[in-house]
Each structure stands twice: as structure tokens, then as C-alpha cells.
Asks: 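Take a look at the following structure, please.
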Amino acid sequence: MPLDERYALDEFLITTMARQFSGEVMVSSVTAFGALSALLAKARYAPDLAVLATPESGMEVTPMPTLSLGQFLTDAQRGIPLTMEEIFDAIFTDRFRIWINPAQIDRHGNTNISVIGDWHQPKVAMVGSRGIPEDTSHLSQIFYYVLTHSRRTVVEQVDFRSGAGTGPDRDATLGEHGAPSVLVTDLGVFDFTGPDGTMAVRSLHPGVTLEEVQEKSGFEIHAPSSIPVTEPPTEEDVQIIRDADPLEVRKLELLSGPEAAERFVSIYERERQALHAAWPRLGKLG
Amino acid sequence: MPLDERYALDEFLITTMARQFSGEVMVSSVTAFGALSALLAKARYAPDLAVLATPESGMEVTPMPTLSLGQFLTDAQRGIPLTMEEIFDAIFTDRFRIWINPAQIDRHGNTNISVIGDWHQPKVAMVGSRGIPEDTSHLSQIFYYVLTHSRRTVVEQVDFRSGAGTGPDRDATLGEHGAPSVLVTDLGVFDFTGPDGTMAVRSLHPGVTLEEVQEKSGFEIHAPSSIPVTEPPTEEDVQIIRDADPLEVRKLELLSGPEAAERFVSIYERERQALHAAWPRLGKLG
Amino acid sequence: MTVDQVVADIPNGSTVAIGGSSLSRKPMALIRALARSSVKDLRLIVDVGGPDVDLLIGTGSVSEVIYAFVGFEVLGLAPHFRRARQQQALRFEEWTEYTVMAGLDATIKRVPFLPTHAGLATDVLSVNTSFRRFKDPFHGEELVAVPALKPDVALIHVNYADAKGNGVILGDGHVDVLCAKAARRTYMSCERIISSDELQRYGRDVQILRVHTTGVVELPWGAHPTGCAPDYRADLRHLQDYLRYSANDDAWRAYADQYIYTDQSRYLERQGGVEALLARLKV
Amino acid sequence: MTVDQVVADIPNGSTVAIGGSSLSRKPMALIRALARSSVKDLRLIVDVGGPDVDLLIGTGSVSEVIYAFVGFEVLGLAPHFRRARQQQALRFEEWTEYTVMAGLDATIKRVPFLPTHAGLATDVLSVNTSFRRFKDPFHGEELVAVPALKPDVALIHVNYADAKGNGVILGDGHVDVLCAKAARRTYMSCERIISSDELQRYGRDVQILRVHTTGVVELPWGAHPTGCAPDYRADLRHLQDYLRYSANDDAWRAYADQYIYTDQSRYLERQGGVEALLARLKV
């Protein structure tokens, strides 16, 4: 995607993600992209969202992208404390949304965060399926994002199904519950309306061609004859994101190597100050 | 049971009930007798008890026998608020005790609070089995009391099993879990160590004869050749009970008719004052 | 929203779960509104029922009751419930305290049932044909399968709520959270609507989450004649009157005219007004 | 009680459930004490694991891990966990976040299993042979039976506790309550022991009830290097060091010598002392 001086790639993607939200549901996040998309959505696109400070707790807060302070937001902003049981009850009753960032996603929207290679003889053992099986068996909207669309991330078939995609296995046991809805990558927006519930192009980001997408994907993605261009963020969208993340935690997700490490340390050292500047402590101990 | 000037029947029974408690378990109560036995036990016989203010909530409080103020004790004494889920988890994990006052109890310790007559064509529809099935399938100690031992209350066979007694049905499905332990009546203390888990005399109250018990029971209760006399309350037991229940809510359980109604009204009008005198309001709204 | 809007959302034959517990925090103002509407054939789900169930049976609004308990606690039995049971006038299904909770929780967790030992070796299993005995898939242990209870509507009453539908419960929570999560639509009355900022000071006492509620109505004294800790206790004197009025049809019609077929503000006046209620019931 | 008394109660082969979540409120001081004891062949149960699981694998104390997740969140993968998985050095069983909770809850409710749809149409069901597919007894719907998880011991760390064993958790509760209820013996460390009178001011933040706990140890900074909201955040700098020290055996021995084979007060000195920790981590 070519750069545009009005917005950075992260701002473009976060806005695109924000525009997927709707309704009165809890929104949780484990990443800065997730947190900022929820924040922007609540401000501009889906005012009824009940946004959480952490993956698990602190409802009705303004999330702050952070490395170490998620739970502290609940206290600083007097978020409504929740329990894990309440989170899963919200999942089971379809009152929950989250942007999931899988290591692999495949043609049918199966996703993997557990292992590269065979589960029993891993090439790379990652983290384990966490709550993705629960999400993908219960929610009516499942949101995925991948920041580097490539043949390593968008694959013919995932090495391990942490998240249930479309196909016969789902049809036999889960039906529509928890089926993948949307994938946002650095190249475009995709859904699973292709033949037999396979991945299809919904829109491509400005300047991205279908050829580029096909080349960077591990399989041929279904595409309509006329492909829309993803709508870019407005000035207001961009401003909201920048104001909400002055330390630019979001940039870390797109970086690696020494630059990432240096910036990581710098953010970690400065974020307490940012928290106190934004929300002078009001919590129960304050 | 003949009267003794040192204690009243209610004080005798409450003390007998208090002496059954042991260990570090939650104790709940729905009656004044239950509340006072827990209070006395904690003061004298089982100091580790975690006493609740109401059937459901307010752990670590001093219960006050009351008609309308159970929940208010939690607030006044800063009891630890619990949920119904926590109560049942304490039941399932055998960390819970309660004195149950059934309408009928039978030879095998089955108990009934649901209906007199056939369930489908009730002669008297009472209240429904409430949580007794849960207690009698999980707790290692099940305590019953009956204030008027008679052929109407201590029966050959209950009309409806709200609580599971001993016998083949239990043996097949529950084993030892939740079996009846003790019955305290105005005549004596009974357990279920008779042949095939039937009711047996453990002790008789002072002056009570086995003949009187058999005459007032709907079946022959197993008795050892030498029957102990139930130990009466000490002066300290009696004093603790009287101090804890200055309005004598406990007396209501032994009364009926106009005398009960009059005393009921009088207690109801005076108990707010008693609460505030005992525990000046310290709660979260105070 | 208003009481009338809530009632308009509850058609004949609805399955209604009711929060509270016997004489505590029953949504009585909503119950009375339901009772004076023309709605019929309600299926009630209560864990521990009291004047809520009894009143709706008394006004002929009910066709079925699923319950673990219905009673007036220290005051004795529930008169219309008892009469209807004895006359076999309606359908009744006796559950138990935990199984009602498990049935609601099964719906929340979108499973058709939850397993338990509760009920084994009791007659609840004989008379309640909704339960099923089965053997667990691992060891063949005999268990009770508690079927999912699926309320269309839940009615609850709480201390405070914000306009968005978050609710604060300061006393015992009873099964209100389970009702709110399990029902397709949850209507909540409250003693007072407060700002979200103020509500969020209540921390873990914010027990009802707006994602599970459909509408909120401010109804001070909305639990009366049951209590609402720590604001007011149960009005046992009014409940004694209720029991007397329930002795026969004529008396019951008089009760209904005076206390049911009227709105909440007139209802409160007929209790002697808010000052008198405060003097009698504020703790 | 003391850390040593806790460790003495945990024999070889024990099944140990650990509270907290990845970098939050892990009972790390208890974990380090366990790691430096001679205990072997632990079976760990974690919902969301992090340095707790990784450290115990690193010291060779573990024979099996039941987990939904083990990782260092923003810092990346868990080095010893990853290596052990890739070398197939121990037994691993992958569960999911809710199924670990359901497995613990099944034990609490004394049922052999709980049903769920979670895991269907995923490979978790293929690799985790503890789960079983079955058909529900009412409608024959296909479900997953999650077996009861039965910890011998639970280890948790909380903000405050009283000496009787009631505990206050001010930040996210994670699965600590489930661990405490499900385990046969629960040991709780806390930042500070306070009087019962003071503890009871925390209302619904008193989440751990003494009827479910066996012993309490006061261990300030007992979650370090993970965080303990709202007292201190995770020490990501120390955790970065941990990752570097985990690169090879020699470095790891150095880490163990310096930070594991020592007591909590020397451990804190080696972090620069409490003043330095406060300056770095207090929020």
C-alpha cells in the first residue's frame, strides 16, 4: 500500500477495523490496534460499545494502548470490574467482540496461534489456543487482522486450527455460530463469502492490486469482478487515534529488531506518566 | 420435656444444635434457631465457623435473629458479600452447614418441605424443595431440627422426598454424600445409625422417656440399651443466647395463634431500633 | 423507558424470569403493571418466589410456574399459589434452587443442559419430567441433566441504574444476574437512575451490565411490599394485609382495585405516602 | 505460615493449579520457592501461563503442563516452554481458556464433566485426548465433555489477606477464585496481611474466602516480576533480562543462582531494593 501523507498505515488499518463494529456489545482487546479501533469506533461509528480496559475487565473505559498498564486503567477511570466468568458469559451470549491477530489464517478462515508444524513435533511452539475456540464457536462476528499479508500468514491450510473456520466440520457441529466474518490485512479487507465459505476480497486498500494480493497469499482468493477501494480514514479519525496514543504504542506492532526494542523501552519508561497525565488517579485507593 | 428454671426449651434446643457444629465452614440459617445456634457455636464450640447474616450473603457476621433485617446485617457489620453461586460452590465443596427445619422427616431421614399428600393432588401445597436436594446430595453433615416431635412430623414415610435420606436410592447414586447426620427434636437427639441407616436415638432430653418418643413417632425408632441424657446448656450458653436475642425472636418458632401474631408485630416494630443499638451503621452508604 | 412500554413488550404466553428472592427485591411495581395489563398465560420462572408469583396467579395472568420455592417466609404459605396447586388449576413444575440457576446458566452458555447430582434420591426427579437421568460420558456415573431454561423476558429491580442499563445491587444479588443474562430481553426497574459517572463508583456492586439489559425504568419503592436492602425492609404489615385480602374472592378484588389497578404513585399514596413508608421501612 | 511450610506441603508429582494470568499477579515468590525445592514431576494447571510455568520448566520441576496459553505477551514467547514443547521433553495438554475454567468448575460442582461447544471444529479436540465428544441427553446435539480438573494444590497471590485466609483482589481476578475452590489445599501469598476488620471494608473485592484456603503467607512484591494491580506493574525490564538469561544453559544457571536460589528478601535486594522497585514499578 503506498504511503499517503494524511495518514500512516497503522492509522488506515485501525480506522478500517473500527468501522466493523456495531451495536451494544463488550469490546475487548489484547493489542494496541484492537484498543485503538475500539476507542475510535466508540467515538465515531458505534457509540453503544461497552469498551474494556483489558482483555478481561474494566468496562466503560477509554482504552489506552499500553505495555504494562491495562488493569491500571480500570482503577484510574473507575471502570466497571468484571470477572472472567462474565467475559465468557458475554461471549456465549454473543455480547462480545474482539480483534484477533492470528499467526496464520487459511482459505476457510481457520486460524492458528498455537504451533508452526505438527502440534506433537512443533517447529515453533507458540502460545496455545487461549480463548479463540470459544470465540469461534459462539460469536456472530469474528474479526481477524494480519499486519503482514504474506504466504506465511495467509495460507492454504493452517498448521493447527485454534479458531474454527467455515466448512464441513463447522457445518456439522456449530452452524453459523462463531464463523469468521472479516479479515483486515495491510492489503485489503476480506470476508468468507466465496464458494463454500472461502475467503473473498471485499475491498483492497488504495493502490493495492488483486495481483499483489494473490501473489502474497498461499491460495487464490475469490474476488468479485469489480473490487471496491477501502475507504481511507478521515482527518477526524486520524486525529482521534493520534490523540489517544501519544506514545505511539501502535507503531510497535509494525516494527521489529533494534528499532522496536529501543522504542519499546522508551514507551515502557514513559507510560506511567502518560497515564497520570490523562487520568489523574481517581480509583478506590486514591 | 419438663421445664427447668435455668433454661427454656428454646435455649436447650439451640445449645444442643450449636454443639453439632465443627470446623471451618460457612454456616447459613433461615430461622432464628439456626442463627442463634451458629452464633453460640462460634462463641463457644466451633470458633472457626464462617457465619452468614442471611441464607445467602454476609460472611463473617454476628447473626441477629430477625424478621426483616437479615441483609441489613451485612451492611451494618461490613459482612463479606457473597453470591448465590458462591453459596452453592460452598455446598458442592462441602464447606457449608445449615440447620433445616422440615415439615416431615421419616425413618430413613428423608425430609419433606414441599407437599402434604400427593404432589400432583396436594392436600396442602407447601413451599417447594428449595435447596434441600443440593444439601442432601453434597454435604458431609446434614442437620435437621423439628420443634414438635409428633406422628405428624416424625413419620414412617414422608409424603414427598425433598431431602434425600438413607437407603437404596441414595446407595445407588449418592453414596455417603449428603446423608442425614442428626435430628434434634423437642424430645431428643437422633441419628441414622440404626439398621439399614434408619433413625436411632442418640440421647433423650432430661425427663423424656423412650416410651414417650415411640408414642409420638410414626415408627419405632432404634434405641441402644443404655440411652444417654442430652447435656443441658451451661449458664454461659444461656446468657449468650439471651444477649443475642433480646427481642426473643426465637420464641416465635414455638408459638402460634394470637399470642404469636401479637409478639410478631411487636418484634417487627422494634427490631430496627435493636439493630441500630447493636451495630451503629458502618456500611458503605454510611 | 416507562412501565407501560415494558408491559407492551410482553405478549401473551411469554416466559418471564423474575429476580429477587421471596420477600427481597422483587420487581413488584413491574409485576403489578403486568398483572393489571391484559396479558395472559405467562410461564413464570422463579428460583425463590413470593408475592411476585402469588400476585400474578391471583390476577389470573399465569398458566405455568417453574419454581424451587414459593412462600412468604416468616409469614407462611403463599395463598394463591397454594390454592392453585391444590386445585390443580395451573401447570406447576418443581425444580430446586441450584437447578433453576443451572437451567438459566445452560441458556447463557448455549448448552442444552448442565449436569448435577442435585435431585438424585429425591422425589423432585419423579414429579419433574423436564429433568433427565443420564450417565456421564467418561465413567458412566449417574447424573441429572438439567435442561436449559429460556426466558423471553427477565424482570428485576435494583438499587441504582444508569440510563444505559448498568445496574447496582447493594444487598444480596439472588439470581438477578443469571436472569438478566439468560433472558432475551431484560427490563430493570431501579430505586433511582444515577449518572454513569456516579454508578461507576460502585465497583463490583455494579452487577447488571448494560449489554444484557433492554430497558430501565426509575420506580422508587419499586420492590414494595418486598424489601430492597439497604434502602428499605420488607413491609410485613402490608404483606399481612395481603394475606388477609387473599382469603376469598371478594376481598381479593378489593385488594386488586386498591393496589394493583392503579399506578405506582397512587399505590404509594395508598400506603400512606412516602413519608409514612420511610418511617416504617427505612432501616 | 511461611514459604517453606507451603513448599513442604507439596510432594513430588503434585498437581498444582496456578492463579494469575501471563504477566499479571502470578504467585512468583511461591513459584521460586517451589523451584528451588527438590520437588519434581509437578503437573501444572494454568489457564493463561507466563513466567510461572516457564520458570518451573526451566528448573526441571515439571512433568506435565495443562494450559490454554503460555507466553510473555508483548515480550514474545516463553523460552523454556517453547523449547520443551519443541523437544517434546514433557507431556503437554492444550486446553482453552474457558475449558480450563470449566474443568476446575466441574471439580467444584463435583460433577465428572461440564459440556460446551468450545473446541468443536478446531484441532484442540484432535490433540487433547482428555476431552470427549458426546451427544446431549435431550436432543442428541454434539458437544464437548470437559473433564474435571482436580488440583491437589492451588497457589495464588493477592493484594491483601487477613490471617484467617480471606483475600482481597483489587485488579483483574483471573481464575484465582476457581483455583482456590477447586484445589484440595490452597496457599495464598499476599502483599500485606491486614486485620479482618480492615479487610471487610473491601466488600465484593474480598474474592477469596477462607473456607477455601489452607494457609496465607505475607510476601510483599510476591508477584514480581509480574504485576500486581493497582500496586505495581509488570517489570518488563527484568522479564527482558529473564529472556536473555534463558538463551542457553550457562546463562540460565546464572539466573537461577542469582534470583531463584535465594530468599525473597535477597531477591528484592538483587532487584535494586524496594526503593528502586517502587520508583520503577509503582503506578
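This one's a predicted model, so the numbers in the text were calculated from it and none came from an experiment. Lettering follows sequence order; numbering is per chain, from 1. All values below were derived from every heavy atom in this structure, side-chain atoms included, with hydrogens, water molecules and symmetry-related copies excluded.
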Asks: Please find out if less than 6.0 Å separates the ring center of B/Y144 from that of B/F190.
Replies: no

Asks: Is the distance between the ring centroids of D/Y202 and D/Y160 under 6.0 Å?
Replies: yes

Asks: For D/L155, run the side-chain contact (heavy atoms from CB on, under 4.5 Å) check against D/T186, D/L34, D/L44, D/D52 and tell me which one passes.
Replies: D/L34

Asks: Mind listing the closest non-hydrogen atom pair of D/A154 and D/C179 along with its distance?
Replies: CB-O, 3.4 Å

Asks: Which atoms of B/T74 come close to chain D, meaning under 4.5 Å heavy atom to heavy atom: side chain ones, backbone ones, both, or neither?
Replies: neither

Asks: For the candidates D/N166, D/V111, D/T107, D/L199, which exhibits the highest count of non-hydrogen atom pairs separated by less than 4.5 Å from chain B?
Replies: D/N166

Asks: Considering only heavy atoms, which portion of B/I91 lies under 4.5 Å from any heavy atom of chain D: side chain, backbone, both, or neither?
Replies: neither

Asks: Which one wins on heavy-atom pair count under 4.5 Å against chain B: D/K164, D/R201, D/R110?
Replies: D/R110

